[in-house]
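Reviewing the structure listed below.
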Amino acid sequence: MVYELRNITKTFEQRTVLNLERLSVKKGKILGLLGPNGAGKTTLLEIMAFLSSPTSGGMWFNQQKVDFTGGKLKDLRRRVVLVQQDSILFSTSVSNNVDFPLRIRKAPKAKREQIVGELLDMVGMRDFGHAPAHKLSSGETQRVAIARALACFPEVILLDEPTANVDVENQIAIERIIREINRTKGISVVFTTHNMIQASRLADETVFLYEGKVARSIYENIFSGRIQTDESGRQLCVAQNGLRLHVQHDKSGPVRISIDPAIVEISRNGNEFSEDNTFKGRLIQLTDEQGRVRALVDVGVPLSVLIPKEVFRSLGLGIGDDVWLNCPAKSIEIF
Amino acid sequence: MVYELRNITKTFEQRTVLNLERLSVKKGKILGLLGPNGAGKTTLLEIMAFLSSPTSGGMWFNQQKVDFTGGKLKDLRRRVVLVQQDSILFSTSVSNNVDFPLRIRKAPKAKREQIVGELLDMVGMRDFGHAPAHKLSSGETQRVAIARALACFPEVILLDEPTANVDVENQIAIERIIREINRTKGISVVFTTHNMIQASRLADETVFLYEGKVARSIYENIFSGRIQTDESGRQLCVAQNGLRLHVQHDKSGPVRISIDPAIVEISRNGNEFSEDNTFKGRLIQLTDEQGRVRALVDVGVPLSVLIPKEVFRSLGLGIGDDVWLNCPAKSIEIF
Amino acid sequence: TQAGEKLLKMSTTTSTENSGLLNVLLPEFDVDTGIQVKVFAKGTGAAIRDGIDGNVDVILVHAKESEEKFVANGYGAYRLDVMHNDFVIIGPTIDPAGIDGMRDAAMAMRKIARSRSVFVSRGDDSGTHTKEQELWKATGMGLRTETVEVIKKRKKQRFFSQHPEEFGAQYLSIGQGMGKTLAYAEQKQAYTLADRGTYLNYKFGRKEGLDLKILCQGDSKLYNPYGIIPISQKKHPHVKFQWADRFAKWLTSQKAQSLIGRYQIEGQQAFFPDAIPNAK
Amino acid sequence: MDFLIDGLLSALLLIWSLDPGLIEIVWVSLKVSSTSTLIASLVGVPAGFLIAFGEFSGKRFVITLLNTLLALPTVAVGLLVYTFICRRGIFGGFDLLYTQKAIIIGQVILIIPIVATFTISAVSRLDDRYRKTALTVGANAIQTAWVIVREVRFGIAAAIIAAFGRVIAEVGISMMLGGNAKGFTRTMTTAMALEYDKGLFELSVALGIALLAVSFAVNVFFHYFQGRVRE
Amino acid sequence: MDFLIDGLLSALLLIWSLDPGLIEIVWVSLKVSSTSTLIASLVGVPAGFLIAFGEFSGKRFVITLLNTLLALPTVAVGLLVYTFICRRGIFGGFDLLYTQKAIIIGQVILIIPIVATFTISAVSRLDDRYRKTALTVGANAIQTAWVIVREVRFGIAAAIIAAFGRVIAEVGISMMLGGNAKGFTRTMTTAMALEYDKGLFELSVALGIALLAVSFAVNVFFHYFQGRVRE
Ligand SMILES: Nc1ncnc2c1ncn2[C@@H]1O[C@H](COP(=O)(O)OP(=O)(O)OP(=O)(O)O)[C@@H](O)[C@H]1O
Ligand SMILES: Nc1ncnc2c1ncn2[C@@H]1O[C@H](COP(=O)(O)OP(=O)(O)OP(=O)(O)O)[C@@H](O)[C@H]1O
Ligand SMILES: [Mg+2]
Ligand SMILES: [Mg+2]
């Protein structure tokens, strides 16, 4: 384990935004962090980068307990690097930015030049070597920031939404770089993303963060809504997007729900299903996902369904087809 | 036409980053702007928001020529609002931020409060009304910035990567909001994105920007590479990701190429195709796209193919299947 | 400063330095003895204070009473009369108090006070201010005393200044040097007491001469004697008494005294030698 | 050493006895300094904005000039103003010389460069997106300036505090243009200079301590006020 | 009016004829002011950093105190230093009074608060991500500080320029601690004060103009230097 976190909390002015009972990152692996806005992803990464200290709890880095008050943080920081969400570059040239970690590590000059060149090539920014870094476009900035982080040759690299502003070609390139440094150099990686598919493509393990906690739930089919009681006295969750789901839960008022795509049932016609929580929609996307097929069904909102490959074959579903979905009670999680 | 741009250029210290022969935005429509990092999207939006002036060329707003030197920009700015890529909020409370456009438009107090509440609800940030805006997470910031822009009740709204840092639920919500204000209030929308699918889902028209120019090419299957001559003396483009394509072009050295997904041919076996530019791959995703199906094929890198629905049916392709792709010379664009 | 160079430190009053006399005397002294004199010009009080604190080797000031106290308290080794110049009462040409041509300074001051004319006082405990207060005393008018309380050596002490009660708001105490007092009096077209040297500089040394004139002069009460005091080595062992002593003796020598007597400001004799009164 | 302690004790005595002379000069000092700080801020802050955001040739020259004027000696300001308001000057008729107004005029000239320079430095370091955001949501020039002032309020406050500190501690201009007339234009600093000249160092120190106490009080008030504005 | 023009002409004459007296006092002024600015910067900038980034109780108090010290009157500084270095003072044996060193000591005390305050104001307005970025890529405390200095160099330059302007234009400390001894501690400002006292306004104005010219030259040099560093 590179990281072991126990009961880590972080409180900003009375509001606890992070409250992790337990979280660990395996050495040499890639961990994906998913979670809605404000879930505490950035806060967590800053703690893991030793840039801010938790309000309470303990963190172990390579089995060593981290002393956030002590002066040893500097040595730890040299082994871990964070690429921030809105990265900033120092107001000097692009190459100086990438050179900075090398310079402070006293690498020999000739080697530095070579490495800087290679790294800029890697992120497709070699032509910009002499450009003033603080005037780049957002995506360019993000890519240079990644090159700069790689120049640290760290044990762990933490990436906060690394491809958010990056163009398609470089999204692919950056994913490849992440995979490569992980495989060839054994660098452990933690990254955050809102792209579920990216996470499952890249990560060895995925953790879903919700309101500062690791949630059992899956980061899919999430809706805000409120629980009401319908005419017949049953509990009904009306999502903001119009979806109406019958639920069984003692909460009421505003909630968030998630629908587990692996439990949702899909069929060519609705007769098979009870009337409850059954929706008609159109199959708009199919994605191959190691042994399963992810089907995206537009039922007014896009709903994601995971289907074992054999089942999918047997259903004989084609893109654009009309289908029926049923969300059984146990597929619905309220939090 | 809300906007007509002719020969607009923008030069930063000798480098021309924008050079548009012609571009227009239709009234009441949604225009999607695609393009790699540094293409000039942000630069263009700032000009359209009257925040920076072009180095040369003319822009017409509602048939009126815009005088970028004059004092009339203020009135124009009141009719157009830009949500920046990394939006900033004023360092006051979240509601004050959303209230700001209303206050300077001298809306009555009671009405202001009501509108602020509604808009915060819309972006799911009502609970944060009293929170200090400059301490929000990136996604939260972006959503408040959109609410603040909507409070301007503009004729045109310009959105620079509006969903880049936003979580999945709110991505959907924001897309819905954009569609809604466009449909119900007739607000014209221009937005940038790197997400081709988002663009085609949302936009009435899509423009692809490349190196400051409107490119004929499509923002798909883009690779950087370099043109070499192979053993047999033919021109070969070796992409950075390993793809090798035969091309006919007088350029040499580093280039970018795009492969038009509508021209790429797909088949169940490779016999049909000539040996040139034929690749074997696995069908990993299918997406329904108004009359066509987009197939994503992993040939080492993901390649996108657009197939008319009837053709697709006749091929009987299923997700996870092995397929062959052929990229004819005319599908390859070098730029 | 180079090694072996002989440097003597002297504090004196601003008016002495401003008169330009030292520019004549000091180079001669250097020629005669090889001793250079470094001059610090300031208010009389501050100059004496420099002596008390042992910051300088010798002081040249014009406040006889304080000087004698200074010597009596052991700070000064001795005091020698060097020279005097004199004070003049000046005022606006229209002379509202009608003192033009008077000789008796006390009478003139009395008339100024009685006529409720504006009078500008330096009010800074300088020699000039001390002299002004002496003159007020000599008028025999009812005086108003202003007191400040200060803690000195952990004891409360009082300091006084006096001027005729009758003046009221017409008496302006400005607490500044002679030059500024002249400028102030000109602006207000007021009477004031000035030393002749500064007056001459302001009246004739500038393109636009001072718009005030001498109305009363020549009374022996208006004499302004300068004394030179080497600092005592008993209080301050580090002072260069030997050189200071030589300087004091030199200043009162025939040569220096005649230099003083010959010195002129704008064509008029400004100082009168006192050690050898008839030196020419 | 001695007279520092004596000075401190004298200061306590003065303050304790609410010496009317002291109260008067404190009042004159405060009145004059606040007025000149206020006027200089009303001129200097907008001027700083115009320079920072203006795009005109010679901008760098103007900034260098302002920086140069940070070295404006009080004697020079005094003489300059003197020329215009002395009896023979153009504005001699207004009888301004040796009044509090004269001090204020001089002090305003002295500190406008301070306020303007630090306003420029605060404002031009601010992320340009604040300006652009304000403009795009429809703010006019003044509203935009106000948004920016809010964002850099600590920098501008620092500029104003520095300017106030400069004038309340300033002696040359007060002396030359005010004339140090007791009961009219005597300020804490001119009184200090006077007592120093008299050799009454204890009293001078006492006044210095009183001055710092007053300045401290003003700053505490200002900080409290800033704190409130922040919310 | 007249003596302003006369002053200007005299200034040109003085400068043109390279008057050795003028050159000497300009040299003394420059030497003393640059030295004290340098020392104050070496102390004040790091102090500003420590205060801005330090997390200690009483931080607000320290800042308020520094703001108060912006109002430090020169007479008070003069007297304070005098106490220690006069013959009877603790450091009397070093014979510092009435030397250039004495002026420097006083001036350093005067401007440290200026440098520190404006460093704090510049540094604390900087986006915290610069600090975090430097730390995460492995910079130690000093390297991080250096990164921040680079980012706010214009703010710090403004602080230093203001401090330099303050001391080169300052007269009280130079007069009290230097003694205005011709050829030793006479500076441009004390010379101005002297000529003014003599009623030689033209000469005083001439010196004032010379002072501004010198300060302008220093600023131009500084700007040029900044411009080069920027690249
Ligand atoms: N300095 C701060 N003071 C107060 N609240 C803060 C501060 N920093 C973050 N927060 C709050 O803590 C919560 C978690 O923030 P964080 O930046 O970790 O979220 P995130 O998961 O990274 O979100 P996003 O996906 O939008 O980047 C948010 O609700 C945010 O408003
Ligand atoms: N102020 C500036 N000075 C110099 N170059 C600039 C400046 N602003 C932008 N550029 C350059 O102009 C080009 C276009 O920038 P722009 O921000 O418009 O790109 P973009 O299309 O928005 O890219 P992204 O997808 O990364 O946001 C970039 O290469 C950028 O480096
Ligand atoms: Mg985040
Ligand atoms: Mg952009």
Side-chain angles (χ1 to χ4, degrees), chain D residues 1-4 7 60 63-65 67-76 78-80 82-84 88-90 114 117-118 121-122 124-127 152 154-155 158 161-162 164-166 168-172 176 188-189 192-193 196 201 204-205 208-209 211-212 215-216 219-220 222-223, chain E residues 1 3-4 7 60 63-65 67-76 78-80 82-84 88-90 114 117-118 120-122 124-127 152 154-155 158 161-162 164-166 168-172 176 188-189 192-193 196 201 204-205 208-209 211-212 215-216 219-220 222-223:
Chain D
M1 218 54 234
D2 266 7
F3 68 72
L4 277 193
R60 281 196 76 163
I63 292 177
T64 308
L65 205 68
N67 286 341
T68 302
L69 292 182
L70 292 176
L72 207 52
T74 50
V75 185
L79 279 173
L80 179 77
Y82 181 91
T83 321
F84 288 93
R88 294 176 190 151
I90 304 177
I114 298 181
T117 300
F118 284 106
S121 137
S124 57
R125 231 170 316 141
L126 185 73
D127 195 322
V152 299
F154 296 106
I161 289 173
F164 178 77
R166 182 79 182 88
I168 201 163
E170 175 285 321
V171 57
M176 287 170 67
M188 288 192 277
T189 50
M192 280 176 81
Y196 168 76
F201 291 3
S204 194
V205 169
I209 291 168
L211 190 151
L212 286 178
S215 159
F216 186 73
N219 272 296
V220 167
F222 207 82
H223 266 235
Chain E
M1 219 50 232
F3 67 72
L4 277 192
R60 281 197 77 164
I63 293 177
T64 308
L65 205 67
N67 285 342
T68 302
L69 292 181
L70 291 176
L72 208 53
T74 51
V75 184
L79 282 172
L80 178 76
Y82 181 92
T83 322
F84 288 95
R88 294 202 288 194
I90 304 176
I114 297 180
T117 301
F118 283 107
I120 294 174
S121 135
S124 56
R125 230 170 318 141
L126 185 74
D127 195 323
V152 300
F154 296 105
I161 289 173
F164 178 77
R166 182 78 182 90
I168 201 162
E170 174 285 323
V171 57
M176 287 171 67
M188 286 192 278
T189 50
M192 278 176 82
Y196 171 76
F201 291 1
S204 194
V205 168
I209 292 169
L211 191 152
L212 286 178
S215 157
F216 185 73
N219 271 297
V220 166
F222 207 85
H223 266 233

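Chain letters run A, B, ... following the sequence lines, proteins first and then strands; every chain starts at 1. Side chains included, hydrogens not; waters and symmetry mates left out as well; all remaining heavy atoms used.
- Taking CZ of Arg125(E) as the reference point, atom CG of Asp127(D) lies at 13.0 Å (rounded to 0.5 Å).
- In this structure, Phe201(D) and Tyr82(E) have perpendicular ring planes: the angle between them is above 60°, well past the 30° mark.
- In this structure, CG on Leu70(D) lies 7.5 Å from CG on Asn219(E), to the nearest 0.5 angstrom.
- Note on Gly208(E), Ser204(E), Ser215(E): by heavy-atom pairs under 4.5 Å with chain D, the leading option is Ser215(E).
- Both the backbone and the side chain of Arg166(E) have a heavy atom closer than 4.5 Å to some heavy atom of chain D.
- Contacts between Phe118(D) and chain E at a heavy-atom distance below 4.5 Å involve the side chain alone, from C-beta outward.
- Val75(D) places none of its side-chain heavy atoms less than 4.5 Å from the side chain of Thr189(E).
- When the candidates Gly172(E), Ala122(E), Ala76(E) are compared by the number of heavy-atom contacts under 4.5 Å with chain D, Ala122(E) comes out ahead.
- None of Thr64(D), Asn67(D), Thr68(D) except one satisfies the side-chain contact (heavy atoms from CB on, under 4.5 Å) rule with Val220(E); the exception is Thr64(D).
- Highest contact tally toward chain D, considering only Ile168(E), Leu72(E), Val171(E), is held by Leu72(E) [criterion: heavy-atom pairs under 4.5 Å].
- For Leu212(D), the parts lying under 4.5 angstrom from a heavy atom of chain E are both the backbone and the side chain.
- No part of Met188(E) comes within reach of chain D, as not one of its non-hydrogen atoms sits under 4.5 angstrom from that chain.
- For Tyr196(D), the part lying near chain E is the side chain, with the backbone staying farther off; criterion is any non-hydrogen pair under 4.5 Å.
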